[in-house]
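Here the structure is laid out as structure tokens; the discussion comes afterwards.
The first residue of the sequence shown is numbered 1, and numbering continues consecutively from there. Counting starts at 1 for both ligands and their atoms, following the listed order. Below, all heavy atoms of this structure are taken into account, side chains as well, without hydrogens, waters or symmetry copies. Keep in mind that this is a model prediction, so the values were computed, not measured.
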Amino acid sequence: MRRALELAERGRYGVSPNPMVGCVIVRDGAIVAEGWHRRAGEAHAEIDALQECDDPHGATMFVSLEPCCHTGRTGPCSEAVAAAGLARLVVAMRDPHEIVDGRGIAAIRAAGVEVTEGVLESEARRLNEKFTWAATNKLPFVLLKAAMTLDGKLATVARESQWITAEAAREKSLALREEYDAILIGSGTVVADNPGLTRRLGWNQSITPWTRAVVDAGDALSPHAQLFSDGGRTILFTPKAPDDLPSNVDVVPMQAVNGRLDLVAVLRELYRRGVQSLIVEGGSLLHSDLIRRGLWQKMVVFVAPAVIGGADAPSIFSGEGVSRLTDAYRFRFDRAELVGTDLMITAYNKS
Ligand SMILES: NC(=O)c1ccc[n+]([C@@H]2O[C@H](COP(=O)([O-])OP(=O)(O)OC[C@H]3O[C@@H](n4cnc5c(N)ncnc54)[C@H](OP(=O)(O)O)[C@@H]3O)[C@@H](O)[C@H]2O)c1
Ligand SMILES: [Zn+2]
């Protein structure tokens, strides 16, 4: 199963909106075939492995996700697996999507194949954390990403933030964009930084187009901002779009309440448009609102060995603070590593 998970990982930059899946066929303790899913529309891992296998009769198949039982862009794997004459199937986790959800395994069992579930399940869930979250909650998996100084500042008092971290951390954050479907920022960041938010490492091979999105509650945006004028796809959530916006900008009209859009409505609309995973790259107010409302799943923070101070300099959490420690927004640190000269901290929301 470890090998199947390794194979699945090869699909990281290609499979969206599908999950990453790897498969290994074993006979007498030796691997006789391997497969993995490369891209939506192409062979699923099980079929890829079966195609490579001279004689699956009596063999054991290890697959990192329950075989599907529906006809989507390709046919149902459960039928192919049941027809292959395998003696045994070992599955890491059930497919949480309601069109499968145990039915693939049931069909294969009904065909007389012995099925074992739950082998390296937590590793498999982690590998497909975005797919699993989106399939279960019908909302995009949200990654909060920020670069801060050791005193938690995202920018100086003059709103300067380019660059807090060094080259290696910036490369790493460009790599994150390659494995997510979309990116979201607040209008304050458009005004302060005028970012392009492009995917530019060229790793992503998936069929899901890269989507950039902005939440804006006021009318301070320029139609000439890079995100709007560079010809790429951008969605603007706003009660009032600037005049003369280029036609590549897709405006989603939305009412603001106290200067804030409803972020649940924003996430729902992004999901409806096919976004399963979303990176939020600031700024301060947007991160704060997502943290306050618990609307995030994972956090990657790059911490630079520097302090800049300034009570008015934006930090990762702003607005009214909690007065009691028992009200702190707490989460779980998962790992910390050095990336060049900066620290990269990965955390998960508790839920
Ligand atoms: N170091 C980093 O990683 C990093 C990353 C990004 C940005 N930054 C820095 O952060 C600063 C900008 O942060 P910011 O806090 O001023 O702006 P921001 O979070 O980028 O944008 C906030 C604006 O978004 C709009 N908005 C609409 N609905 C919202 C909601 N539910 N929650 C939050 N915002 C909503 C509001 O627009 P209206 O203003 O129209 O009401 C709000 O003022 C800049 O200095 C930038 O350089 C740093
Ligand atoms: Zn399948």
Side-chain angles (χ1 to χ4, degrees), residues 18-19 21 23 35 37 40 42-50 63 65-81 95 97 99-100 104 108 144-149 152-165 169-170 173 183-195 197 213-221 236-242 254-267 279-293 295 299-304 308 310 312-319 342:
N18 287 353
V21 189
C23 179
H37 185 42
E42 296 179 15
H44 289 186
E46 304 89 314
I47 307 301
D48 192 42
L50 282 171
V63 62
L65 184 74
E66 172 181 9
C68 66
C69 56
H70 62 287
T71 302
R73 292 179 195 89
T74 64
C77 293
S78 56
E79 284 178 16
V81 170
D95 185 337
H97 201 290
I99 54 179
V100 187
I108 293 165
L144 296 190
K145 188 238 122 185
M148 57 159 71
T149 54
K153 304 296 188 186
L154 302 188
T156 67
V157 283
R159 295 286 187 273
E160 215 176 273
S161 71
Q162 289 162 331
W163 299 106
I164 287 176
T165 49
R170 272 145 48 204
S173 79
I183 190 163
L184 174 70
I185 61 168
S187 58
T189 300
V190 178
V191 174
D193 302 345
N194 193 20
L197 307 183
V214 176
V215 285
D216 165 51
D219 51 3
L221 288 175
L236 173 60
F237 293 92
T238 185
K240 184 180 177 300
M254 202 172 265
Q255 287 313 309
V257 177
N258 299 327
R260 295 283 181 274
L261 302 184
D262 176 2
L263 294 176
V264 173
V266 169
L267 294 180
I279 297 194
V280 181
E281 286 201 11
S284 173
L285 287 173
L286 183 55
H287 282 327
S288 304
D289 224 25
L290 290 165
I291 293 170
R292 200 170 277 119
R293 302 192 56 190
L295 295 173
M299 193 187 284
V300 170
V301 177
F302 295 95
V303 183
I308 52 183
D312 294 332
S315 59
I316 194 161
F317 191 73
S318 56
D342 300 306

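Contact annotation: Met148 has no heavy atom less than 4.0 Å from any atom of ligand 1. Heavy-atom distances between Ala220 and ligand 1 stay at or above 4.0 Å for every pair.
Residue contacts with ligand 1 for Gln162 are absent, since no atom lies close enough (heavy atoms, distance under 4.0 Å). Under 4.0 Å from ligand 1, the heavy atoms of Ala192 that appear belong solely to its side chain. At a 4.0 Å heavy-atom cut-off, ligand 1 touches Leu154 through backbone and side chain alike. Only the side chain of Ala155 comes within 4.0 Å of ligand 1, counting heavy atoms alone; its backbone N, CA, C and O stay farther away. At a 4.0 Å heavy-atom cut-off, ligand 1 touches Leu286 through backbone and side chain alike. Of all the heavy atoms of Thr189, the ones lying under 4.0 Å from any atom of ligand 1 are found in both the backbone and the side chain. Residue contacts with ligand 1, taken as heavy atom pairs separated by less than 4.0 Å, involve Ile164 solely via side-chain atoms from C-beta onward.
The protein atom (non-hydrogen) at minimum distance from atom 6 (C) of ligand 1 is Glu281 O, 3.0 Å. Here the heavy atom of the protein found nearest to atom 13 (O) of ligand 1 is Ser284 N, 3.3 Å. Among all protein heavy atoms, the one lying closest to atom 31 (N) of ligand 1 is Asp289 OD2, 2.8 Å. Protein heavy atom in closest approach to atom 17 (O) of ligand 1: Gly188 CA, 3.3 Å. Counting protein heavy atoms only, atom 29 (C) of ligand 1 is closest to Arg260 CD, 3.6 Å. Given atom 15 (O) of ligand 1, the protein heavy atom at minimum distance is Leu285 N, 2.8 Å. Summary of contacts: the protein heavy atom closest to atom 36 (C) of ligand 1 is Ser187 OG, 3.8 Å. Counting only heavy atoms of the protein, atom 28 (N) of ligand 1 lies nearest to Leu261 N, 2.9 Å.
Summarising the geometry, atom CG belonging to Asp289 is positioned 9.5 Å from atom CG belonging to Leu261; distances are rounded to the nearest 0.5 Å. Remark: Ser318 OG to Asp312 CG distance equals 11.0 Å, nearest 0.5 Å. To the nearest 0.5 angstrom, Arg293 atom CZ is 11.5 Å from Arg260 atom CZ. Once rounded to the nearest 0.5 Å, the distance linking CG of Leu50 with CG of Asp48 reads 9.5 Å. A distance of 8.0 Å separates NE2 of His287 from CD of Glu281, quoted to the nearest 0.5 Å. With rounding to the nearest 0.5 Å, the separation of CD1 in Ile47 from SG in Cys68 is 7.5 Å.
Here the side chain of His70 pairs no donor or acceptor atom with the backbone of Pro76 at under 3.5 angstrom. Asp193 places no side-chain N or O within 3.5 Å of a backbone atom of Pro195 that could act as its donor or acceptor partner.
Vertex the Zn ion (ligand 2); arms to Cys68 atom SG and Cys77 atom SG; angle 120° (nearest 10°).
The distance criterion of under 3.5 Å between nitrogen or oxygen atoms is met by Ala147 with respect to ligand 1. Residue-to-ligand polar distances keep Lys145 apart from ligand 1: every N/O pair is separated by 3.5 Å or more. At a 3.5 angstrom cut-off on N or O pairs, Pro314 does not count as close to ligand 1. Looking at ligand 1, you won't find any N or O of Ile185 less than 3.5 Å from one of its N or O atoms.
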- request: Give the intermediate values and the outcome of side chain to side chain contact (heavy atoms under 4.5 Å, CB included) for residues Leu65 and Val100.
  value: CA-CA 11 Å; Leu65 184 74; Val100 187; over 6 Å; no
message: Could you walk me through whether Asp342 and Arg170 satisfy the salt bridge (Lys or Arg N to Asp or Glu O under 4.0 Å) test, starting with their C-alpha distance in whole Å, then the side-chain angles of each, then the deciding distance to 0.1 Å, before giving a yes or no?
response: CA-CA 10 Å; Asp342 300 306; Arg170 272 145 48 204; over 6 Å; no
- request: I would like to know whether Val21 and His44 meet side chain to side chain contact (heavy atoms under 4.5 Å, CB included); could you show each step before the answer?
  value: CA-CA 8 Å; Val21 189; His44 289 186; over 6 Å; no
field: Test log, rule side chain to side chain contact (heavy atoms under 4.5 Å, CB included), inputs Leu154 and Ser161
entry: CA-CA 6 Å; Leu154 302 188; Ser161 71; 5.9 Å; no
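When each of Thr238, Ile185, Leu197 is checked for a side chain to side chain contact (heavy atoms under 4.5 Å, CB included) with Val214, only Ile185 meets the rule.
His44 contributes atom ND1 as its closest N/O/S atom to the Zn ion (ligand 2).
Side-chain contact check for Leu144 versus Ile316: every heavy-atom pair is 4.5 Å or farther apart.
Here the shortest heavy-atom pairing between Pro239 and Ala256 reads CG-CB, 4.1 Å.
Ligand-side atoms of ligand 1 in range of Leu263: 31 (N), range being under 4.0 angstrom from any heavy atom. Against a heavy-atom cut-off of under 4.0 Å, Ala146 is close to the following atoms of ligand 1: 3 (O). Counting the atoms of ligand 1 from 1 in the order shown, those under 4.0 Å from a heavy atom of Gly218 are 38 (P), 40 (O), 41 (O). Close contacts of ligand 1 with Gly283, meaning ligand atoms under 4.0 Å from a residue heavy atom, involve 6 (C), 7 (C), 10 (O), 13 (O), 18 (P), 19 (O), 20 (O).
A 6.0 Å sphere centred on CD of Gln162 holds more than 12 heavy atoms belonging to other residues, nucleotides or ligands.
When the options His287, Lys240, Lys153, Arg159 are ranked by their closest heavy atom to atom 45 (O) of ligand 1, first place goes to Arg159.
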